[in-house]
J.: 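Below: one structure in structure tokens.
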Amino acid sequence: MQDLNVAGTDSIPSIQASWASGRLEMKGDSYPENAFELYQPVIDWIEVFLKTENRPLLMQLQLLYLNTSSIRAMMDMLDLLEDAHKQGKPVGVTWLYERDNERVAELAEEFREDYTLRFDIVPQE
């Protein structure tokens, strides 16, 4: 499978998925015109990785804002990771946020409440 690289804009987060390192990173705001179009390749990438690999997959997020359709897409991605976790696969999420941005910490916490996989929320200086 190939790596994914999406350049970020004001309304689209940068997305880097590295097959070799088993890392998926997203950073920025997410309010695209068509979240399905943006995130379907990411969801497909996660599905293929989880079906073909038994090594760790780590999702690292540094998202500041997500619109409703982006939240739905994020839930789809996290659901895939949760299913893999329940099957004993090594997966996890790290959500980085600026220490003074309580809103982002609360958003990350809302997501974490719904999952049993390793989900770290980490303040940055």
Side-chain angles (χ1 to χ4, degrees):
M1 185 71 171
Q2 293 185 339
D3 292 349
L4 289 178
N5 289 295
V6 176
T9 68
D10 288 342
S11 62
I12 296 173
S14 63
I15 303 170
Q16 283 82 44
S18 169
W19 192 270
S21 67
R23 291 181 63 89
L24 171 61
E25 298 179 1
M26 291 186 259
K27 182 177 181 177
D29 288 329
S30 183
Y31 52 97
E33 287 185 29
N34 187 336
F36 175 79
E37 185 178 301
L38 174 65
Y39 288 112
Q40 190 60 50
V42 179
I43 291 168
D44 293 343
W45 189 92
I46 293 169
E47 286 179 328
V48 172
F49 188 97
L50 293 172
K51 285 180 185 173
T52 60
E53 300 288 337
N54 283 320
R55 55 196 176 90
L57 176 59
L58 176 64
M59 182 187 301
Q60 181 173 300
L61 306 172
Q62 198 167 356
L63 299 170
L64 304 173
Y65 172 80
L66 290 88
N67 66 3
T68 302
S69 58
S70 295
I71 288 172
R72 181 68 218 144
M74 181 60 60
M75 290 170 62
D76 290 345
M77 289 180 257
L78 292 170
D79 287 348
L80 290 172
L81 295 178
E82 179 71 7
D83 290 345
H85 168 70
K86 288 179 178 177
Q87 296 170 15
K89 293 191 178 225
V91 297
V93 176
T94 301
W95 194 313
L96 307 171
Y97 73 98
E98 292 181 16
R99 188 176 298 278
D100 61 348
N101 194 335
E102 298 272 331
R103 183 183 55 80
V104 173
E106 290 169 5
L107 175 64
E109 184 60 43
E110 287 178 28
F111 277 108
R112 181 168 68 180
E113 289 173 358
D114 294 330
Y115 299 97
T116 62
L117 59 91
R118 193 189 97 229
F119 195 126
D120 300 318
I121 302 171
V122 180
Q124 302 291 292
E125 294 302 320

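Computed over heavy atoms, backbone and side chain alike; hydrogens, waters and symmetry mates excluded. The chain is numbered in sequence order, starting from 1.
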J.: Would you say the side chain of Trp19 lies within less than 4.5 Å of the side chain of Thr52, judging by non-hydrogen atoms?
T.: yes

J.: Counting only N and O atoms by type, is there a donor-acceptor contact under 3.5 Å from the side chain of Arg55 to the main-chain atoms of Ala20?
T.: yes

J.: Without swapping roles, check the side chain of Lys89 against the backbone of Lys51 for a donor-acceptor pair under 3.5 Å.
T.: no

J.: Is there a path from Val48 to Val6 through hydrophobic residues (I, L, V, M, F, W, Y) whose side chains come within less than 4.5 Å of each other?
T.: yes

J.: Which pair of heavy atoms, one from Pro32 and one from Leu38, lies closest together, and at what distance?
T.: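 Distance-wise, the nearest heavy atoms are CG-CD2, 3.9 Å.
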
J.: I'd like to know if the side chain of Trp45 and the backbone of Gln2 have a donor-acceptor N/O pair within less than 3.5 Å.
T.: yes

J.: Above 12 or not: heavy atoms from other molecules or residues under 6.0 Å from CG of Asn34?
T.: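 Yes, the 6.0 Å shell around CG holds more than 12 heavy atoms from other groups.
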
J.: As an exercise, state the distance from CD of Glu82 to CG of Asp114, rounded to the nearest 0.5 Å.
T.: 9.0 Å

J.: Would you be so kind as to tabulate the donor-acceptor pairs closer than 3.5 Å made by side chains of residues 23-30, with sequence neighbours excluded?
T.:
unit_1: Arg23; atom_1: NE; unit_2: Glu25; atom_2: OE2; d: 3.0
unit_1: Arg23; atom_1: NH2; unit_2: Glu25; atom_2: OE2; d: 3.0
unit_1: Arg23; atom_1: NH2; unit_2: Gln60; atom_2: OE1; d: 2.7
unit_1: Asp29; atom_1: OD1; unit_2: Tyr65; atom_2: N; d: 3.3
unit_1: Ser30; atom_1: OG; unit_2: Tyr39; atom_2: OH; d: 2.6
unit_1: Ser30; atom_1: OG; unit_2: Ser70; atom_2: OG; d: 2.7

J.: For Arg103, what residues pass the salt bridge (Lys or Arg N to Asp or Glu O under 4.0 Å) criterion, not counting sequence neighbours?
T.: none

J.: Val104 vs Glu98, test: side-chain contact (heavy atoms from CB on, under 4.5 Å). Steps then yes/no.
T.: CA-CA 8 Å; Val104 173; Glu98 292 181 16; over 6 Å; no

J.: Check whether Ile71 and Phe36 end up in the same hydrophobic cluster, where Ile, Leu, Val, Met, Phe, Trp and Tyr are linked by side-chain heavy atoms less than 4.5 Å apart.
T.: no

J.: Measure the spacing between CD1 of Ile43 and CG of Asp79 and express it to the nearest 0.5 Å.
T.: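 Spacing of CD1 (Ile43) from CG (Asp79) equals 9.5 Å.
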
J.: Distance from Glu37 atom CD to Ser69 atom OG, nearest 0.5 Å?
T.: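 If I round to the nearest 0.5 Å, the distance is 11.5 Å.
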
J.: Distance from Lys86 atom NZ to Leu117 atom CG, nearest 0.5 Å?
T.: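 Interatomic distance, Lys86 NZ to Leu117 CG, rounded to 0.5 Å: 9.5 Å.
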
J.: Apply side-chain contact (heavy atoms from CB on, under 4.5 Å) to Leu50 and Leu81, showing your working.
T.: CA-CA 8 Å; Leu50 293 172; Leu81 295 178; 4.3 Å; yes

J.: Strictly by ring-ring contact (aromatic ring centres under 6.0 Å, His included), give each pair with a member in residues 97-118 just once, sequence neighbours left out.
T.: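 Found Trp95-Phe111.
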
J.: May I ask you to check whether over 12 heavy atoms, not counting those of Glu113, lie within 6.0 Å of atom CD?
T.: yes

J.: For a side-chain contact (heavy atoms from CB on, under 4.5 Å) check, start with the C-alpha distance between Gln16 and Ser14, then their side-chain angles and the critical distance, and finish with the verdict.
T.: CA-CA 7 Å; Gln16 283 82 44; Ser14 63; 3.9 Å; yes

J.: Determine, stepwise, if the pair Thr94 / Arg118 fulfils side-chain contact (heavy atoms from CB on, under 4.5 Å).
T.: CA-CA 8 Å; Thr94 301; Arg118 193 189 97 229; 3.7 Å; yes

J.: What closest approach, in Å, do Leu66 and Leu63 show between heavy atoms, and which atom pair accounts for it?
T.: CD1-CB, 3.9 Å

J.: So which heavy atom on Ile121 is nearest to which on Ala105, and how close?
T.: CD1-O, 4.4 Å

J.: Between atom CD1 of Ile46 and atom CE of Met77, what is the distance when rounded to the nearest 0.5 Å?
T.: 6.0 Å

J.: Under a single-linkage definition using a 4.5 Å side-chain heavy-atom cutoff for Ile, Leu, Val, Met, Phe, Trp and Tyr, are Leu58 and Phe119 assigned to the same hydrophobic cluster?
T.: no

J.: How far apart are the closest heavy atoms of Leu4 and Val42, and which atoms are they?
T.: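 Heavy atoms of Leu4 and Val42 come nearest at CD1-CA, 3.8 Å.
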
J.: To the nearest 0.5 Å, what is the distance between NE2 on His85 and OG1 on Thr116?
T.: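 It is 3.5 Å, given to the nearest 0.5 Å.
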
J.: May I ask whether Leu61 and Met75 are part of the same hydrophobic cluster, defined by side-chain heavy atoms of I, L, V, M, F, W, Y residues being less than 4.5 angstrom apart, directly or through others?
T.: yes

J.: Between Asp83 and Gln87, does the side-chain hydrogen bond (donor to acceptor under 3.5 Å, both in side chains) criterion hold? Intermediate values first, please.
T.: CA-CA 6 Å; Asp83 290 345; Gln87 296 170 15; over 6 Å; no

